[in-house]
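The model shown is predicted, which means the values in this text are computed figures rather than measured ones. Below, chain A is the first sequence line, B the second, and so on; all start at residue 1.
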Amino acid sequence: MESIWENLNEQQLKAVKTINGPVMAIAGAGSGKTRVLTRRIAHLIFHHQVSSENILAITFTNKAANEMKNRIYRLLGIHTRHMWVSTFHSMCARILRDHIEFLGYDRRFQIIDDDDTTQLIKVILKRLNLDPKLISPKRLKPHIMNIKYDPSIIADYDDPIRSYLEEIYPAYQKHLKDNNLLDFEDLLVLTIELLKKNKEVREYYHKQFHYVLVDEFQDTNNVQYELVKLLTNESKNLFIVGDEDQSIYAFRGSNIENIRNFQHDFEGAEKILLEQNYRSTNTILKAANHVIKGNKNRIEKNLYSTKGDGEPIIFFKAYTYRDEAEYVAQTIQSLVYKGYRYEDIAVLYRANNTSRVFEDTFIKKHIPYQIVGNLSFFKRKEIKDIVSYLRLIVNPHDGYSYVRVVNEPKRGIGAKTVERLNDFASQEQLSLFDAVLDPDNPLSKRAITQLKAFNDLILTLQNRLEQEDFPRFIETLVDLTGYEKMLMDDDMGEVRYENIMELKNSLLEAQKNYPTEDKFDVLTQMLEDIALKSQEDEQKETNVVTLMTLHAAKGLEFKVVFIVALEQGLFPLHQTLSDQKELEEERRLMYVGMTRTMERLYLTNAQERLVFGSLERQTDSLFVREIHPTLLEFEGLNKVIKRPENTDRMVFKKPEVKMSKTMGSNTFYRQGDKIMHTTFGKGVVVQVLGKQCKIAFSHPHGVKTLLCDHPSLKKVSDE
DNA sequence: CACCGGTTTATTTTT
DNA sequence: TAAACCGGTG
């Protein structure tokens with residue numbers, strides 16, 4: 001068994017031992033924060049006789065929570081299943097299952113994920129007869145979520161949008177409640193509401209949690225921070241770990257200010273800096289530091305490593321994006337020849353679509369790889385359909401699931417019928433299920449017959465669930481619904497059928513974990529697990545190269561890292577170029593990517609790339625230019641061009657590579673110029689195409705292609 | 001109601 | 001390029 005004090009440096013020891021009062025640990029990349037967290041928990045239990053039930057440890061991912069539980073088990077040999085080591089959302093679900101009736105929901109509430117949320121918004125827009133073109137449902141969602149967090153902000157919107165939001169938000173929220181559904185944000189917001197309104201519940205949890213720990217604190221949003229404050233009792237034994245330089249989820253509401261304000265909010269909070277890096281070479285740390293220095297308002301950290309300088313960072317510039325992939329593939333092969341394993345290597349990129357060329361090339365060259373976080377198992381259509389059936393079986397009045405599967409497989413119940421049914425149901429305050437049975441509904445005879453058959457199907461399935469064991473029941477389900485037959489008629493059906501059969505395991509596991517007589521409770525619990533753990537599934541393959549986005553790489557480490565497609569507009573993304581805050585987040589993303597590396601870091605890009613179907617000329621990413629050239633070894637096209645040293649802005653001759661006369665420049669604008677448009681506001685020229693240019697505007701507008709000499713465009717002088 | 005074909009649009013996404 | 005979406009036809 002591992003010892004509690006083994007391999008801890010002075011600062012880490014301090015973070016483990018300072019158990020009373022608020023403590024903030026600033027944990028630089030690779031500084032061993034998970035070790036500190038788990039040792040601290042072990043220390044509390046082992047040396048201070050704190051009962052394991054009295055500790056609350058909150059993480060952001062299930063993976064992190066499981067990792068923590070595992071390590072605690074290895075340190076102490078105690079069972080961890082009952083412990084409160086979980087994500088914000090699981091913790092909230094656990095609290096709400098016991099107390100949500102106080103808020104007027106049923107304890108068998110179902111949790112819907114982000115995709116469902118978007119779909120639901122779309123459905124509601126349609127039902128309210130609002131024009132979905134004013135804002136697309138996808139763009140509307142974040143606004144609705146913000147309003148849920150703080151309803152008063154609705155007043156900040158200007159009119160066309162405001163009245164729109166005033167209509168849709170209450171309708172959306174009412175729909176959720178009427179159907180006993182919670183979205184991810186509800187889990188947080190309703191838990192807060194519960195704790196605020198119900199003194200007994202609040203005191204119950206204050207008695208329960210003597211020590212609270214929060215991981216990745218830089219990624220908390222305001223609501224999560226409020227929840228943490230609410231759960232922390234008078235003794236204020238709150239320990240947070242985080243690193244502002246690794247905050248990369250602002251676009252989802254995380255707020256770096258939370259970590260910056262912590263010492264202010266919790267008076268007398270101890271601050272501990274973990275600056276020794278156990279992961280990377282000094283060359284890599286230095287380079288990462290050069291990049292992150294570009295961000296303003298940052299508390300300077302001084303990460304150091306005892307690993308020495310190691311290898312130089314290689315910057316390879318390819319002619320085309322195919323050449324780039326080719327280079328990466330060849331380099332991987334030679335690294336493997338040198339003794340690295342495929343699993344030591346990761347290829348990181350900013351946007352998912354970049355992975356394609358690399359996939360193609362790796363297949364051709366027989367390099368084994370896996371793409372992580374692409375399309376998770378539980379997001380597949382067939383799984384979501386079956387999940388909807390299961391939700392309907394728990395709650396036939398769930399209108400959202402009803403609509404999703406009433407005509408899946410096709411039962412001749414079309415959009416018009418569903419619309420009419422919906423209208424009638426909302427007018428009469430009935431669920432869709434009950435509306436079908438109402439003799440006054442305005443539907444055609446044919447439609448009623450078909451809908452009634454569907455209702456009966458759900459009731460039959462409820463019966464069968466009571467009679468059959470879970471694996472058997474899943475087969476009954478796909479059989480009676482006709483889903484199986486539909487799949488058999490489809491070329492890809494075989495795989496999808498097998499996917500559905502995988503659900504048997506989820507059900508059996510839920511049954512094992514939640515021993516109860518009531519099968520509907522087990523089913524409810526399984527549906528919760530699916531909703532909250534959808535990302536986790538990924539069965540890890542052994543000894544393969546990992547391809548993933550920079551976001552997905554957070555928290556991981558690899559001996560060899562390739563950061564690819566380092567081109568202006570791709571990374572940093574052009575949408576972010578005109579906004580300082582967004583650009584800083586991109587820079588943190590670069591920092592996160594670089595600091596994943598233990599030994600060898602490769603930065604690559606290409607001069608020509610297919611962007612949205614057309615071949616574009618690309619320039620080097622700002623972030624590569626921010627690394628001092630003495631740390632880089634130039635390869636590929638870079639090698640041909642002599643790089644001047646010790647210059648901040650490196651100016652060098654670009655080889656004139658077959659550029660048609662209409663491309664690249666015109667008399668009006670150049671790439672990177674800042675402009676002002678009379679209706680779209682400020683923007684940046686991302687590309688010049690003859691008389692036209694592609695211009696990136698901020699949020700609602702996005703990238704537009706406009707004529708450069710258009711009178712509504714004006715150039716703005718630099719800075 | 002289902003299917004075909006033209007048009008539009010284009011990050012990242014722990015739960 | 002590719003996928004999602006929309007509107008018209010059979």
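Contact check, A:Thr549 against B:dT13: a side-chain N or O comes under 4.0 Å of OP1 or OP2. The phosphate of B:dA10 (OP1 or OP2) has a side-chain N or O of A:Arg139 nearer than 4.0 angstrom. Within the 4.0 Å cut-off from OP1 or OP2 of B:dT14, not a single side-chain nitrogen or oxygen of A:Asn221 is found. Put simply, A:Asn62 has no side-chain N or O that comes within less than 4.0 Å of OP1 or OP2 on B:dT14. A close approach under 4.0 Å does not occur between any side-chain nitrogen or oxygen of A:Asn352 and OP1 or OP2 of B:dT11.
Distance A:Lys63 NZ to B:dT13 C1': 15 Å, rounded to the nearest Å.
Residue A:His551 has its side chain nearest to B:dT13 when only B:dT15, B:dT11, B:dT13 are considered.
By the side chain to side chain donor-acceptor pair (under 3.5 Å) test, A:Asp398 pairs with A:Ser401, sequence neighbours left out. Partners of A:Phe239 according to the ring-ring contact (aromatic ring centres under 6.0 Å, His included) rule, which considers only residues two or more places apart in sequence or in another chain, do not exist here. By the side chain to side chain donor-acceptor pair (under 3.5 Å) test, A:Lys384 is found to be paired with A:Asp113, A:Asp116, residues two or more places apart in sequence or in another chain being considered. The side chain to side chain donor-acceptor pair (under 3.5 Å) search around A:Gln173 returns A:Lys148, A:Asp186, not counting sequence neighbours.
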For residues 220-231 of chain A, which side-chain N or O atoms pair as donor and acceptor with protein atoms under 3.5 Å away, sequence neighbours left out?
{"unit_1": "A:Thr220", "atom_1": "OG1", "unit_2": "A:Phe217", "atom_2": "O", "d": "2.8"}
{"unit_1": "A:Thr220", "atom_1": "OG1", "unit_2": "A:Asn258", "atom_2": "ND2", "d": "3.2"}
{"unit_1": "A:Asn221", "atom_1": "OD1", "unit_2": "A:Val223", "atom_2": "N", "d": "3.0"}
{"unit_1": "A:Asn221", "atom_1": "OD1", "unit_2": "A:Gln224", "atom_2": "N", "d": "2.8"}
{"unit_1": "A:Asn221", "atom_1": "ND2", "unit_2": "A:Tyr149", "atom_2": "OH", "d": "3.4"}
{"unit_1": "A:Asn222", "atom_1": "OD1", "unit_2": "A:Asn255", "atom_2": "ND2", "d": "2.8"}
{"unit_1": "A:Gln224", "atom_1": "OE1", "unit_2": "A:Asn221", "atom_2": "N", "d": "2.8"}
{"unit_1": "A:Tyr225", "atom_1": "OH", "unit_2": "A:Asp265", "atom_2": "OD2", "d": "2.8"}
{"unit_1": "A:Glu226", "atom_1": "OE2", "unit_2": "A:Lys196", "atom_2": "NZ", "d": "2.7"}

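A distance cut-off of 5.5 Å between ring centres, combined with a plane angle under 30°, places A:Phe251 in a stacking arrangement with the base of B:dT12.
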Distances for protein N or O near nucleotides 2-5 of chain C N or O, under 3.5 Å:
{"unit_1": "C:dC5", "atom_1": "OP1", "unit_2": "A:Lys122", "atom_2": "NZ", "d": "3.2"}

